[in-house]
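Lettering follows sequence order; numbering is per chain, from 1.
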There are 2 protein chains.
Amino acid sequence: MNIGDVATQTGLPAKTIRYYEDIGLIKPLRDENGYRRFREQDVHKLNFLGRARALGFTIEDCRTLLALYEDETRASADVKKVARAHLAQIEAKISDLNAMRDTLGHLIDACAGDDRPDCPILQDLGGKP
Amino acid sequence: MNIGDVATQTGLPAKTIRYYEDIGLIKPLRDENGYRRFREQDVHKLNFLGRARALGFTIEDCRTLLALYEDETRASADVKKVARAHLAQIEAKISDLNAMRDTLGHLIDACAGDDRPDCPILQDLGGKP
DNA sequence: CCTTGACCTTCCCGTGACTGGAACCCCCAT
DNA sequence: ATGGGGGTTCCAGTCACGGGAAGGTCAAGG
């Protein structure tokens, strides 16, 4: 399989697939003409990576998870640890964003949104006291 | 005031302040020795920027908001529009993150986290069916 | 007077995870 | 032979800074 087919199958852009090879996540073979040739295992790995990335894992986490995935002697505790650390990051970010949403929501509600210049949003940003 | 004092007062790193000058958000004066000299208005702008950034506005949004802030003839509707667009982005991101948190949370709950290799997290990433 | 140390300056590189584009090669159909 | 649709590499840009080098400036202490 060439990169275009793999891109279609996995839903990943060809650029991304090349990037994943660059950083050593996958190692497709090469045809005589220099084209990448992907085996089933490569496609499988790429699907794995796509799902892990969709869950927000960093590339380095993906590298770790992939290594665990291929290690038959892994302990599930190691996987869980990575996942829990990532979950904590997600929750931290959610809580940051919730705070922003609340503040911004209140300011927006308080703003008339008409053609006059008075604006509680700008007043707040300007340090209103 | 020199940059260090301004950094202390505003809570922004000196690097960030220089960056904001680079991209034209502020225009401090210069002393004969080449040092930046910050007026009250510069400090005020920096505080404005710090608060806007803390609410997650992009630098370009900040530029727009600052321009509106300084425009006495603005319409609050323009401010509200920028804020609402940003709020929508925040809410979209929150909803993405919530989805990730839910999925990841379920997987983590299902994972024994012991020294055995069986792991629902990896099974899911591997395309478990 | 000299030195020390805390400032300040500019400049360049690196971050994460790609994306866009240029310049070029390869293969098949018309 | 030509056109189009693959593929390849490499370079630059994204966003909002942060780290660090190399060097100028200033006030205080020996």
Fill in: Hydrophobic cluster membership, Tyr35(A) vs Leu46(A), 4.5 Å side-chain cutoff
no
Worksheet item: Which residues in residues 3-20 of chain B have at least one heavy atom lying under 4.0 Å from any atom of DNA chain D?
Response: Pro13(B), Lys15(B), Thr16(B), Tyr19(B), Tyr20(B)
Fill in: Presence of salt bridge, Lys45(B) and Glu40(B), under 4.0 angstrom
no
Worksheet item: Counting only N and O atoms by type, is there a donor-acceptor contact under 3.5 Å from the side chain of Arg74(A) to the main-chain atoms of Tyr69(A)?
Response: yes
Fill in: Closest approach of Lys27(A) to Arg39(A) (non-hydrogen atoms, all atoms of both residues)
O-NH2, 2.9 Å
Practice prompt. Under the ring-ring contact (aromatic ring centres under 6.0 Å, His included) rule, collect the residues that match up with Phe38(A), sequence neighbours excluded.
Written response: none
Worksheet item: When the distance from CG of Asp61(B) to P of dC15(D) is rounded to whole Å, what number comes out?
Response: 12 Å
Worksheet item: Rounding to a whole Å, what distance do you find between Gln89(B):CD and dC15(D):P?
Response: 13 Å
Item to complete: Would you confirm whether Asp71(B), through its side chain, and Thr73(B), through its main-chain N or O, come within 3.5 Å as a donor-acceptor pair?
Response: yes
Solution key, residues 9-19 of chain B side-chain donor-acceptor pairs under 3.5 Å, sequence neighbours excluded:
residue  : atom : partner  : partner atom : Å
Thr10(B) : OG1  : Val6(B)  : O            : 2.8
Thr10(B) : OG1  : Leu12(B) : N            : 3.1

Item to complete: Look only at the side chain of His86(A) and the backbone of Leu104(B), and say whether a donor-acceptor pair between them is shorter than 3.5 Å.
Response: no
Mind listing the side-chain donor-acceptor pairs of residues 117-129 of chain A below 3.5 Å, one per line with the distance, residues two or more places apart or on another chain?
residue   : atom : partner   : partner atom : Å
Asp124(A) : OD1  : Lys128(A) : NZ           : 2.9

Worksheet item: Quick one: Glu60(A) CD to dT15(C) C1', roughly how many Å, whole number?
Response: 13 Å
Worksheet item: Where along residues 40-57 of chain A does a heavy atom fall under 4.0 Å from DNA chain D?
Response: none
Worksheet entry | Spacing between Ile23(A) atom CD1 and dG16(C) atom C1', to the nearest angstrom | 10 Å
Discussion item. At a heavy-atom distance below 4.0 Å, what parts of residues 24-37 of chain A sit against DNA chain D?
Written reply: Arg30(A), Gly34(A), Tyr35(A), Arg36(A)
Discussion item. Using the rule that Ile, Leu, Val, Met, Phe, Trp and Tyr join whenever any side-chain heavy atoms are under 4.5 Å apart, tell me whether Val82(A) and Leu25(A) fall into a single cluster.
Written reply: yes
Discussion item. Walk me through whether Arg36(A) and Leu29(A) qualify under side-chain contact (heavy atoms from CB on, under 4.5 Å).
Written reply: CA-CA 6 Å; Arg36(A) 289 168 183 81; Leu29(A) 305 175; over 6 Å; no
Discussion item. Could you tell me how far apart Asp22(A) (CG) and dA12(D) (C1') are, to the nearest whole angstrom?
Written reply: 15 Å
